[in-house]
Amino acid sequence: MNGGTFTYREVGATRLGPLPDGYHHLHHRTRIGRGRPAFETAGAAVTTWALHRRAGARVTATTARAERGTGVRVSLGVGPLRIGVPCEVVWSVYEKDRAGFAYGTLTGHPECGEESFVVELGEDGSVWFTVRAFSRPARWYTRLAGPLVPVLQRAYARWLGRNLARIAAGG
């Protein structure tokens, strides 16, 4: 599934920041629950692709859990309008109060950049989900879509947050 090369130089920039210049930036943070059980449920959903699948994406991955080097193909859309995009996990984190990963775009992806999905358990017991990304068009049709792409990316980040809140609540 892998075999592609990254389409950007700043591999791993979503982990520590700052996000690189020359890209659209996305930072969306959602409170999704409270307590260790919500954190553990949400962390597992994010890192095993369950969140993306629940949100309507088809995910094919070379590993069951997000690990650096995992090849991922994410497909969104319906029928002939379904678009599959190649990515690779560039980092993952599995800590006591933090779990998540980032994947970067490979050759053939309509965008160029990286996106991270991280769940954190705060000291006050609140559970947060953060999506951070930097991207720019890599194909004629994403260039043509212009300012619509960042709007769709933000809407998808909000959709993921709502779905993860339901998952963390046991629904």
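This chain uses plain numbering: 1 for the first residue, then up along the sequence.
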inquiry  = For a quick test of reading the model, state the closest non-hydrogen atom pair linking G22 to R136 and the distance between them.
reply    = O-NH1, 3.3 Å
task = Give a yes or no on whether the backbone of D124 and the side-chain of R34 come within a donor-acceptor separation of less than 3.5 Å.
result = yes
query = Does some side-chain heavy atom of S135 sit less than 4.5 Å from a side-chain heavy atom of Y8?
reply = no
task = Consider only side-chain N and O atoms of W128 and S126, and report whether a donor and an acceptor are under 3.5 Å apart.
result = yes
Beyond-backbone contact of T70 with Y103, side-chain heavy atoms, under 4.5 angstrom = no
Minimum side-chain heavy-atom gap C87-R73 below 4.5 Å = no
ask   = How long is the span from the CD atom in E10 to the SG atom in C112, to the nearest 0.5 Å?
value = 7.5 Å
request  = Give the minimum heavy-atom separation between V127 and G35, together with the two atoms involved.
outcome  = CG2-O, 3.5 Å
task = Only one of V46, I32, L51 passes side-chain contact (heavy atoms from CB on, under 4.5 Å) with I167; say which it is.
result = L51
query = Taking side chain as C-beta onward, heavy atoms only, is Q153 less than 4.5 Å from E115?
reply = no
Heavy-atom closest contact (A99 atom, G43 atom, distance) = CB-CA, 4.1 Å
inquiry  = Please find the pair of heavy atoms, one from A168 and one from T41, that lie closest to each other, and give the distance.
reply    = CA-CG2, 4.2 Å
query = When the ring planes of W49 and F101 are compared, do they come out parallel, tilted or perpendicular, using 30° and 60° as the limits?
reply = perpendicular
query = Does R29 use its side chain to pair, donor to acceptor, with the backbone of R132 at less than 3.5 Å?
reply = no
CD-CH2 distance between E114 and W91, expressed to the nearest 0.5 angstrom = 8.0 Å
request  = Evaluate the side-chain proximity of Y94 to E67: yes if any heavy-atom separation is below 4.5 Å, no if none is.
outcome  = yes
request  = Show your reasoning for whether side-chain contact (heavy atoms from CB on, under 4.5 Å) applies to V149 and H24.
outcome  = CA-CA 9 Å; V149 173; H24 297 287; over 6 Å; no
task = Could you tell me the separation between the NE2 atom of H28 and the CZ atom of R154, rounded to the nearest 0.5 Å?
result = 10.5 Å
request  = Please round to the nearest 0.5 Å and tell me the distance separating atom CZ of F6 and atom CG of L106.
outcome  = 5.5 Å
request  = Following the transitive rule for hydrophobic clusters with a side-chain heavy-atom cut-off under 4.5 Å over Ile, Leu, Val, Met, Phe, Trp and Tyr, establish whether L26 and F129 coincide in one cluster.
outcome  = yes
request  = Check whether any side-chain heavy atom of E95 sits under 4.5 Å from a side-chain heavy atom of E120, and report yes or no.
outcome  = no
query = More than 12 non-hydrogen atoms from neighbouring residues, nucleotides or ligands closer than 6.0 Å to CZ on R58, yes or no?
reply = no
query = Does some side-chain heavy atom of R98 sit less than 4.5 Å from a side-chain heavy atom of V118?
reply = yes
ask   = Is the shortest heavy-atom distance from the side chain of F39 to the side chain of K96 under 4.5 Å?
value = no
Hydrophobic cluster membership, V89 vs L160, 4.5 Å side-chain cutoff = yes
key: Heavy atoms from other residues, nucleotides or ligands near CZ of R68 exceed 12 (cutoff 6.0 Å)   = no
N/O donor-acceptor pair under 3.5 Å between H27 side chain and T130 backbone = no
query = So which heavy atom on P110 is nearest to which on V85, and how close?
reply = CD-CG1, 3.3 Å
ask   = Say you draw a straight line from CH2 of W159 to OG1 of T30; how long is it, rounded to the nearest 0.5 Å?
value = 13.0 Å
inquiry  = Is it the case that the side chain of R53 and the backbone of V59 share a donor-acceptor pair, with hydrogens and angles ignored and the cut-off at 3.5 Å?
reply    = yes
inquiry  = Nearest 0.5 angstrom please: S116 OG to F134 CZ, how far?
reply    = 9.5 Å
